[in-house]
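Note sheet for the following structure.
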Amino acid sequence: MNQTKETGRLEKASYYSYFLGQNIIYMLVSMYAMLFFTDYVGIFPGVVSVIFVIARVWDAVNDPMFGVIVDKSNPKKGKYKSWMGFAAVGLPIVVILLFSMPEIGTIGKIIWAAVFYLLFGMLYTISDVPAFSLTTAMTNNINERNTLLSVSRISPIIAGLLVSTTIIALTETVGWAMGALVIAGIGFILMNFMRFNVKERHVAPATNVSVRKIITYVLGNKYLLIYYAGYTLYATCSTGIFMLSYYAIYNLGNPNYIAILSIINTIPMVFAAFLASPICKKFGKYAVTMAVCILMVIISVIYFFVGYDNLTMVFVFSALISFLTGFMAVMYPMFTADCIEYGTWKSGERGTALSFSIQTFTTKLGQAMASGLVGVVLTVVGYTANVQQTDFALNGIFMMMTLIPALGALLMLVIFGPFYKLRESDVAYYIAENAKNEIRTERVRADY
């Protein structure tokens, strides 16, 4: 197995730049689409929740099918880079239109929101699945791939900080349409460096994947299913990211705390992102995931009972929870890569893009369901935009910052803990066996 480093600094930087640009755009939508639709456009929260759920139902079909399309294709301009190049143009345009809603009446606004939110989800898939799969074409060095995957996960943290600390002030100055234009423009520039500097050195041949093979591969990869079943529930309950603006404005009583909380949340996540790889190397991803989930349950429950009257304690608990969240954000593509090796060994099919499409789908599903859950809870507690909230509504917002995320970590423990048996030593064995099988296959092709 080749363990020589194959990627240079400029190539790595361009790869990370793509993810940073993509996530700047993604964070704008994931963190602020709900707030924009409810507080600025005037769409009822329950209707927004329905839009988000419908989009994820469509993703259940769209994302795996796109993964298959990528695995089956080999465009001249790059198996993965061709799709990424298309998304680097289309994704910014769609997001600008999403936040440029004209005055077209309530029904018109709902249709506008639904159409462009659906398009955003599809283009995000086109940008995300090939980007993760690209690491397998950039290098055959497993450690180098893991580094590319883990470091790239810092980009959502940085992107979240950049967007959350600027977007409200920006939109108050120039409006949401121009604000989205600025953010999407930055994303466009950052995403397109990869066109010139990233190379596909080890391109897998196009595979003849049928619907039957898709079903067989996915259902046969039990560890992929177990991990993402747990992670989807964890992400579904991760309502805190969507509630930060509401929490700062209504519970803490000052919109300026949005930026402060964003900074406090980001710094610990960056530390966690850098620490995750060496800690996982020492203790294993399974043990780290279990410890993170247990601590998240304990700290979030304590936070709920302490309350938010003491601002210092708010900042301390926010930092602790963000530190733990950072580990989860970095590790999930590592689990996907492990599951790919297991699936290849078990089925003989290397569904790289298909596996990463499952990752993309479940990530979007969890976050959209979290947005939908926010809309449901806000409706139940009687939230009304731009007015002083009742105590019942404030408690509902605070629960979405504390107890509901704790429930997600607990559900992850219940599903992941007893059933996920894949360990680093197993993955090393599967990698070695897959390499042997690949060599044998190449010899057969050569003889033929």
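For reference, positions follow the sequence shown, starting with 1.
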- State whether K285 and D338 are salt-bridged, where the test is any N-O pair (Lys NZ or Arg NE/NH1/NH2 against Asp/Glu carboxylate O) under 4.0 Å. yes

- Message: Taking the side chain as everything from C-beta on, heavy atoms only, tell me whether M412 gets closer than 4.5 Å to T289.
- Response: yes

- Query: So do the side chains of F335 and F416 get within less than 4.5 Å of each other, counting heavy atoms only?
  - Reply: yes

Which heavy atom of [X] sits nearest to which heavy atom of [Y], and what is that distance?
| X | Y | answer |
| --- | --- | --- |
| S245 | L35 | CB-CD2, 4.0 Å |
| M400 | L373 | SD-O, 4.5 Å |
| T390 | V381 | OG1-O, 4.1 Å |

- Only counting residues at least two apart or in another chain, list the ones meeting ring pair (Phe, Tyr, Trp, His ring centres under 6.0 Å) with Y246. Y383

- Which residue pairs pass the ring-ring contact (aromatic ring centres under 6.0 Å, His included) test when at least one of the two sits in residues 113-141, sequence neighbours left out? F19-F132, Y26-Y124, F52-Y117, W112-F116, F132-F356

Could you pull out every donor-acceptor pair under 3.5 Å between side chains of residues 290-307 and any protein atom, sequence neighbours left out?
residue: S300; atom: OG; partner: M296; partner atom: O; Å: 2.8
residue: Y303; atom: OH; partner: Y247; partner atom: OH; Å: 2.8

Apply side chain to side chain donor-acceptor pair (under 3.5 Å) to [X] and list each qualifying residue two or more places apart in sequence or on a separate chain.
| X | answer |
| --- | --- |
| E11 | R201 |
| S155 | N23 |
| K109 | E103 |

